[in-house]
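A short worksheet on the structure shown next.
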Amino acid sequence: MKLANNSVPTQILISIIFIFLIHTAAAGASRRQWRTPIFIFGDSFFDAGNNNYINTTNLDRANFYPYGETYFNFPTGRFSDGRLITDFIAEFANLPLIPPFLQPGNHSYGGDGVNFASSGAGALVETFQGAVIDLQKQLSNFMKVKEWLTNRLGEDESKKKLSSVVYLFSIGTNDYNSLFLTNSTALASFSHQEYVRMVIGNLSGVVKAIHENGGRKFGFLNLGDLGCFPMMRLLKPQMGGRCLAEVSFLATLHNHALRRSLSKMEDQLKGFKYSLYDFNSALKLRMNSPSQFGLKEGKTACCGTGGFRGIFSCGGKRQVKEYELCENPDKYVFWDSIHLTEETYKQMAAEMWRGFPHNLGSYNLNNLINCQ
């Protein structure tokens, strides 16, 4: 009788635990269901390793030491010593690292998101053509994901899913830098304003195509002061390391045109919401006053060689094999001659997330990710 009497509360206890586990699992599933995915487009500021899987040169790859040395302890294909802005944004949004679209075995597009970005890519197909995944091709890859989602979830659920996604863009830097790094004759055929209109037109076309397929929430970086990047300072030795004014002027034109284009799309496209981070101002402040941000060096890169370590030699796998490497990347703004350190990216991601002090859009990323 004593055993029988004890069996009743034991059964009740088991039932309670079982119900608790069901509700806990359901709550967890609900939280996972409502996490906002991130789809990432752009260039080396956002590429998490897609270029590891295409036929390109080491100019557009970072899958060798010392890239990735601080956080990952091995090279991932990211052009930094560690994580990128998008990695931190994913963390703030309670997401894991967003995998590259081309990463073998990556079939979780409908879960946390996907990264389409390609180092060296531009909005124009002609930018480093044949060596990178240009923005139009990135759009094609997005359409493959949409088709996959539609087959898996159905048309209505797929569109609902895509409308909840936040689409992040970093594009344009290579469209302008390439004019000075190659034998391009584009500026002989087009005025500066005409060339910028083509770049912005291609970017806007891709954004509108994503909107037509359900996209509603978008985040953008404008362009840095390109002529003041370590690499660009070395292009004209007679200037004594001063900033290359012409490419900085193109970046300024681009930033004004981008802001106008986004404002116009906000007025014209149903449900269009956007965040625009003033990457230009944020980077200038750190270059000119690094100590205000806990940094020591704002203009010379951590990894490279030559003046400002501006020769693109980091890792010794490119044309110039010799390179120098600083001891503390977290005290530098620039990691190599054109890309930033994890510490700089971390600070910028936090500013993008909270929308202060460099937000030019209607939303910060925190609002954008959490709005319906």
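Grouping the Ile, Leu, Val, Met, Phe, Trp and Tyr side chains by contacts below 4.5 angstrom, directly or via other members, places F88 with L340. No chain of hydrophobic side-chain contacts below 4.5 Å, direct or via other Ile, Leu, Val, Met, Phe, Trp or Tyr residues, connects F128 to M198. Placement of F279 and Y332 in two distinct hydrophobic clusters is found when ILVMFWY residues are connected by side-chain heavy-atom separations under 4.5 Å, directly or transitively. There is a path of hydrophobic side-chain contacts, each under 4.5 Å, that joins V207 to V114.
The number of heavy-atom neighbours closer than 6.0 Å to CG of D156, taken from other residues, nucleotides and ligands shown, is 12 or below. Atom CD of Q319 is surrounded by 12 or fewer heavy atoms from other residues, nucleotides or ligands within 6.0 Å. Around the CG atom of N55, the shell of radius 6.0 Å holds no more than 12 heavy atoms that belong to other residues, nucleotides or ligands.
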Report task. Carefully, step by step, assess N177 and V247 under the rule side-chain contact (heavy atoms from CB on, under 4.5 Å). Result -> CA-CA 7 Å; N177 281 351; V247 68; 3.7 Å; yes
Requested in this report: Decide yes or no on side-chain contact (heavy atoms from CB on, under 4.5 Å) for K236 and M239, but give the supporting numbers first.
Outcome: CA-CA 6 Å; K236 293 187 177 180; M239 294 178 61; 3.7 Å; yes
Requested in this report: Kindly indicate, with the supporting measurements, whether the criterion ring pair (Phe, Tyr, Trp, His ring centres under 6.0 Å) is fulfilled by F334 and H339.
Outcome: CA-CA 6 Å; F334 284 94; H339 306 100; 9.3 Å; no
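Using a 4.0 Å cut-off between a side-chain N of Lys or Arg and a carboxylate O of Asp or Glu, E351 and R286 qualify as a salt bridge. A salt bridge is defined here as a Lys NZ or Arg NE, NH1 or NH2 lying under 4.0 Å from an Asp or Glu carboxylate O, and E297 with K331 fails to meet this definition. Here D87 pairs with R78 in a salt bridge; the nearest charged N to carboxylate O distance falls below 4.0 Å. A salt bridge is defined here as a Lys NZ or Arg NE, NH1 or NH2 lying under 4.0 Å from an Asp or Glu carboxylate O, and K273 with E266 fails to meet this definition.
Between L221 and M352 there is a side-chain heavy-atom pair separated by less than 4.5 Å. Within the 4.5 Å cutoff, no side-chain heavy atoms of D225 are placed close to those of L283. Residues H254 and Y176 have side chains in contact (heavy-atom distance under 4.5 Å, counting atoms from C-beta outward). With contacts defined as side-chain heavy-atom distances shorter than 4.5 Å, the pair I171/N202 does not qualify. You'll find the side chain of T305 reaches within 4.5 Å of the side chain of V320, heavy atoms only. M231 places a side-chain heavy atom less than 4.5 Å from the side chain of L181.
Here the shortest heavy-atom pairing between I38 and I89 reads CD1-CG2, 3.9 Å. Nearest approach of P37 to G111, heavy atoms of both residues: CG-O, 3.5 Å. The two residues N141 and I133 have their closest heavy-atom pair at ND2-CG2, 4.1 Å.
Between C303 and C314, the two SG sulfurs come within 2.5 Å of each other, short of that mark.
Under the 3.5 Å distance criterion, the side-chain polar atoms of R152 are left unmatched by any main-chain donor or acceptor of E147. A donor-acceptor pair is defined here as one N or O able to donate and one able to accept, closer than 3.5 Å; no such pair exists between the side chain of N174 and the backbone of G122.
Taking the six-membered ring where the residue is Trp, the centroids of F79 and F45 are separated by 6.0 Å or more. Checked against the 6.0 Å centroid criterion, the rings of F169 and F46 do not qualify as a close aromatic pair.
In this structure, F74 belongs to a hydrophobic cluster whose other members, linked by side-chain heavy atoms under 4.5 Å apart, are Y71, F72, L97.
By the 30° and 60° cut-offs, the orientation of the rings of F116 relative to F142 is perpendicular.
L276 pairs with exactly one of F218, Y363, F220 by the side-chain contact (heavy atoms from CB on, under 4.5 Å) rule, that one being F220.
For residues 162-171, the pairs satisfying side chain to side chain donor-acceptor pair (under 3.5 Å) are D43-S170, with sequence neighbours left out. For residues 297-318, the set of pairs meeting the ring-ring contact (aromatic ring centres under 6.0 Å, His included) definition, not counting sequence neighbours, is empty.
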